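Source: prediction; values computed, not measured.
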Amino acid sequence: FATGLTLSQQDALRAQIFGCWSIPLGLPFQGDLRVRIKLKLRQDGTVQSSEILDHARMNMPGQAFYKVLAESALRAIRICQPLRVPSTGYEKWEVMQLNFNPNEMLNP
């Protein structure tokens, strides 16, 4: 996470989103499968915009699994809205980067 939130706030947000994330079956769990997503949030925790930071990778040959993984991460964010964010300090968490790594989920 790259946010202006405290560690406990980040942990709560991570738990909320990961609880909505269904990791696709059959992915090759070696190498770098991390999906980085940049979010712009509204004050109520709904997502104004989301962007996959490694978007070009989705269309590269041999990266079909990455595309499936990235789409599953975006779906988790949509399902989990509104995100539970602090009622104050909007400027600190209005824009944030989330990292989705299936290796961390499967091997905590």
Side-chain angles (χ1 to χ4, degrees):
F1 276 64
T3 69
L5 301 175
T6 66
L7 201 52
S8 62
Q9 290 168 333
Q10 287 181 33
D11 286 344
L13 189 59
R14 179 180 288 118
Q16 178 189 359
I17 293 172
F18 283 0
C20 297
W21 189 27
S22 297
I23 298 174
L25 298 174
L27 291 177
F29 289 105
Q30 69 271 4
D32 180 16
L33 292 183
R34 184 182 59 190
V35 176
R36 298 177 310 136
I37 297 177
K38 180 179 177 182
L39 295 179
K40 182 165 176 43
L41 300 174
R42 297 182 187 92
Q43 285 185 302
D44 65 358
T46 57
V47 177
Q48 184 172 326
S49 65
S50 58
E51 172 189 0
I52 297 170
L53 296 178
D54 302 311
H55 193 270
R57 183 176 172 188
M58 291 176 67
N59 299 315
M60 292 172 70
Q63 297 292 311
F65 65 88
Y66 182 81
K67 182 175 184 174
V68 169
L69 190 63
E71 289 171 349
S72 74
L74 285 175
R75 196 166 38 252
I77 292 167
R78 275 197 308 273
I79 291 169
C80 271
Q81 290 186 87
L83 301 180
R84 290 190 293 270
V85 289
S87 56
T88 59
Y90 176 61
E91 66 285 347
K92 293 180 182 174
W93 52 261
E94 174 184 9
V95 175
M96 66 174 65
Q97 176 184 317
L98 303 179
N99 297 323
F100 286 78
N101 187 339
N103 291 324
E104 288 177 12
M105 292 288 293
L106 299 173
N107 304 308

Is it the case that more than 12 heavy atoms not belonging to Lys38 sit under 6.0 Å from its NZ atom? no
Looking at every non-hydrogen atom in both residues, tell me the closest pair between Val85 and Gly45 and how far apart they are. CG2-CA, 3.8 Å
Nearest heavy-atom pair of Phe65 and Leu33: which atoms, and what distance? CE1-CD2, 2.9 Å
Answer yes or no: is there a donor N or O on one side and an acceptor on the other, between the side chain of [X] and the main chain of [Y], under 3.5 Å?
X: Gln10; Y: Leu5; answer: yes
X: Gln16; Y: Cys80; answer: yes
X: Gln97; Y: Arg36; answer: no
X: Trp93; Y: Thr88; answer: yes

Validation row: [X], [Y] side chains within 4.5 angstrom (heavy atoms):
X: Ile77; Y: Ser50; result: no
X: Val47; Y: Leu41; result: yes
X: Pro102; Y: Trp21; result: yes
X: Tyr66; Y: Asp54; result: yes
X: Pro24; Y: Leu69; result: yes

Nearest-0.5 Å distance, [atom1] of residue [X] to [atom2] of residue [Y]:
X: Leu7; Y: Arg14; atom1: CG; atom2: CZ; answer: 8.0 Å
X: Arg42; Y: Ser49; atom1: CZ; atom2: OG; answer: 8.5 Å
X: Leu74; Y: Ile37; atom1: CG; atom2: CD1; answer: 4.0 Å
X: Phe18; Y: Asp11; atom1: CZ; atom2: CG; answer: 10.5 Å
X: Leu13; Y: Thr6; atom1: CG; atom2: OG1; answer: 10.5 Å
X: Gln43; Y: Glu94; atom1: CD; atom2: CD; answer: 8.0 Å

Say whether [X] and [Y] are linked into one hydrophobic cluster, either directly or through other cluster members, by side-chain heavy-atom distances under 4.5 angstrom.
X: Leu98; Y: Ile79; value: no
X: Leu39; Y: Leu53; value: no
X: Met58; Y: Val35; value: yes

